[in-house]
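Presented below is the structure to which this report refers.
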Amino acid sequence: MAGVSVESPAWEDDVLPPPDWGRKPRSPLTTASALFAGSALLLVAGRLWIAPALDVRAVDAWTTVFVAVCVQALPFLVFGVALSAAITAFVPAGFWTRVLPRRPGAAVPVAGALGAVLPGCECASVPVAGGLMARGVAPSAALAFLLAAPAVNPVVLVSTAVAFPGRPEMVAGRFAASLLTAVVAGWAWLAFGRGSWLRVLPQRPSAAGDGRWDAFRSAMAHDILHAGGFLVVGGAAAATINVALPASWVASVAGIPVVSILVLALLAVLMSICSEADAFVAASLTGFSPTARLVFLVVGPMVDLKLIALQTGFFGRAFAVRFIPLTFALAVVSGTAVGSVLL
């Protein structure tokens with residue numbers, strides 16, 4: 001037809017593909033039967049081949065560590081996620097521009113300090129930082145908040161105090177090293193960062209009334225599922241490290257300060273534990289030095305696998321390949337420096 005464009009519309013990706021008429025949909029009964037058969041096969045294989053090779057005492061130790069880490073961390077995880085979702089849904093958009101100084105250099109430490117007042121988990125901090133940039137906040141200040149919010153908020157500090165009873169220096173060290181990393185990273189981006197490296201998504205309209213409660217429930221459900229899954233993985237990894245690694249190997253690594261620090265820093269990246277729960281995992285790694293465990297607590301909330309994926313998706317690959325190594329290096333150096341003074 002004349003005058004009608006044949007180009008694909010912008011919303012073409014949202015259109016559902018045509019149904020596959022040649023394939024019948026799988027019934028719930030078929031899916032349940034497949035799951036049951038797979039579970040039964042796994043149980044039989046475990047009983048015949050895996051169980052005889054296991055040490056009962058090792059299994060008991062693994063279970064004890066795993067359950068202890070998860071049970072201790074779960075209340076802090078739920079409370080932290082709820083608080084983060086409430087801030088995301090109910091804090092007005094104009095709040096940030098009113099409280100932050102106009103000069104980017106002064107806004108960076110203020111934004112970092114706001115992380116101690118307005119907490120957020122790692123999953124929430126990335127979209128919140130993107131929203132701050134879309135509302136006109138300087139990227140350096142938004143990035144300082146992104147790093148500080150999941151690392152120095154009250155929920156994280158209280159959970160650290162519970163995980164390390166009688167060790168207030170561990171709480172103080174985590175706060176000082178994390179805030180120092182966030183502020184220095186913000187200033188470094190202000191000095192050397194380029195606008196072409198950072199992709200800022202357009203601002204979405206704020207919800208009102210019932211929409212805010214819907215946003216709260218959605219953020220709460222999303223974060224609790226993701227953070228809870230990472231907690232289970234982290235607890236399992238911590239239990240496996242405590243049981244599977246030979247004591248002689250742990251002692252040899254712990255005896256080399258630089259190696260032990262780098263090992264736990266990389267472990268924090270790989271385990272990807274929520275910041276409300278990582279202190280309990282760090283406390284269980286008794287074979288490592290306090291400074292190495294402090295580095296674990298500083299690196300984890302700022303650089304891990306899920307954050308790498310989130311930052312790449314929100315801000316682009318050009319940003320991620322520069323900012324993530326910078327953050328990792330600053331976190332390791334800050335945690336080591338503060339640990340050598342306080343611990």
Side-chain angles (χ1 to χ4, degrees), residues 83-84 86-122 124-154 156-157 172-206 275 298-299 301-303 307 310-312 314-316 318-335 337-338:
L83 192 56
S84 172
I87 291 171
T88 301
F90 298 111
V91 173
F95 170 82
W96 307 100
T97 54
R98 289 197 301 268
V99 300
L100 290 175
R102 293 187 177 182
R103 293 178 55 194
V108 168
V110 175
L114 281 176
V117 181
L118 299 174
C121 72
E122 295 93 322
S125 65
V126 175
V128 169
L132 293 179
M133 297 180 197
R135 296 179 180 114
V137 174
S140 55
L143 294 175
F145 179 84
L146 181 153
L147 297 178
V152 300
N153 68 69
V156 169
L157 297 180
R174 180 173 196 176
F175 177 86
S178 299
L179 185 59
L180 177 63
T181 301
V183 172
V184 173
W187 279 336
W189 188 263
L190 177 62
F192 304 107
R194 297 180 182 177
S196 59
W197 295 344
L198 181 61
R199 181 180 65 204
V200 179
L201 299 177
Q203 180 181 354
R204 295 184 177 182
S206 300
S275 59
V298 176
V299 171
M302 298 185 179
V303 184
L307 279 174
L310 284 170
Q311 291 182 15
T312 303
F314 266 83
F315 305 127
F319 168 84
V321 298
R322 293 170 172 85
F323 189 72
I324 291 170
L326 169 68
T327 304
F328 180 83
L330 289 175
V332 172
V333 172
S334 298
V338 172

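- Taking every heavy atom of both residues into account, Ala331 and Val299 meet most closely at CB-CG2, 3.8 Å.
- The minimum heavy-atom distance linking Gly115 with Val152 is given by the pair C-CG2, 4.0 Å.
- Within the 4.5 Å cutoff, the side chain of Arg174 has heavy atoms near those of the Val156 side chain.
- Considering all non-hydrogen atoms of both residues, Val108 and Val183 come closest at CG1-O, 3.5 Å.
- In this structure, Phe175 has no ring-ring contact (aromatic ring centres under 6.0 Å, His included) partners at least two apart in sequence or on a different chain.
- Ser275 and Pro150 get closest at one heavy-atom pair: OG-O, 2.7 Å.
- Closest approach of Ser140 and Gly186 over heavy atoms only: CB-O, 3.2 Å.
- Every residue two or more places apart in sequence or in another chain that forms a side-chain contact (heavy atoms from CB on, under 4.5 Å) with Ala106 is listed here: Pro101, Arg103.
- For Leu180, the side-chain contact (heavy atoms from CB on, under 4.5 Å) partners at least two apart in sequence or on another chain are Val184, Ser334.
- Ring orientation note: the planes of Phe315 and Phe319 are nearly perpendicular, at an angle over 60° on the 30°/60° scale.
- Between Ala188 and Leu326, the shortest heavy-atom contact is CB-CD2, 4.0 Å.
- Side-chain contact check for Trp189 versus Leu198: some heavy-atom pair is nearer than 4.5 Å.
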Run the side chain to side chain contact (heavy atoms under 4.5 Å, CB included) check on Leu146 and Gln311 step by step: do they pass? CA-CA 10 Å; Leu146 181 153; Gln311 291 182 15; 3.7 Å; yes
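- Partners of Ala320 by side-chain contact (heavy atoms from CB on, under 4.5 Å), not counting sequence neighbours, listed by chain and number: Thr312, Ile324.
- With rounding to the nearest 0.5 angstrom, the CG atom of Leu307 is 9.0 Å from the CG atom of Leu147.
- Met133 CE to Phe145 CZ: the interatomic distance, rounded to the nearest 0.5 Å, is 11.5 Å.
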Expected list for residues 190-197: side-chain donor-acceptor pairs under 3.5 angstrom, two or more places apart:
none

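- With sequence neighbours excluded, the residues satisfying side-chain contact (heavy atoms from CB on, under 4.5 Å) with Val321 are Arg317.
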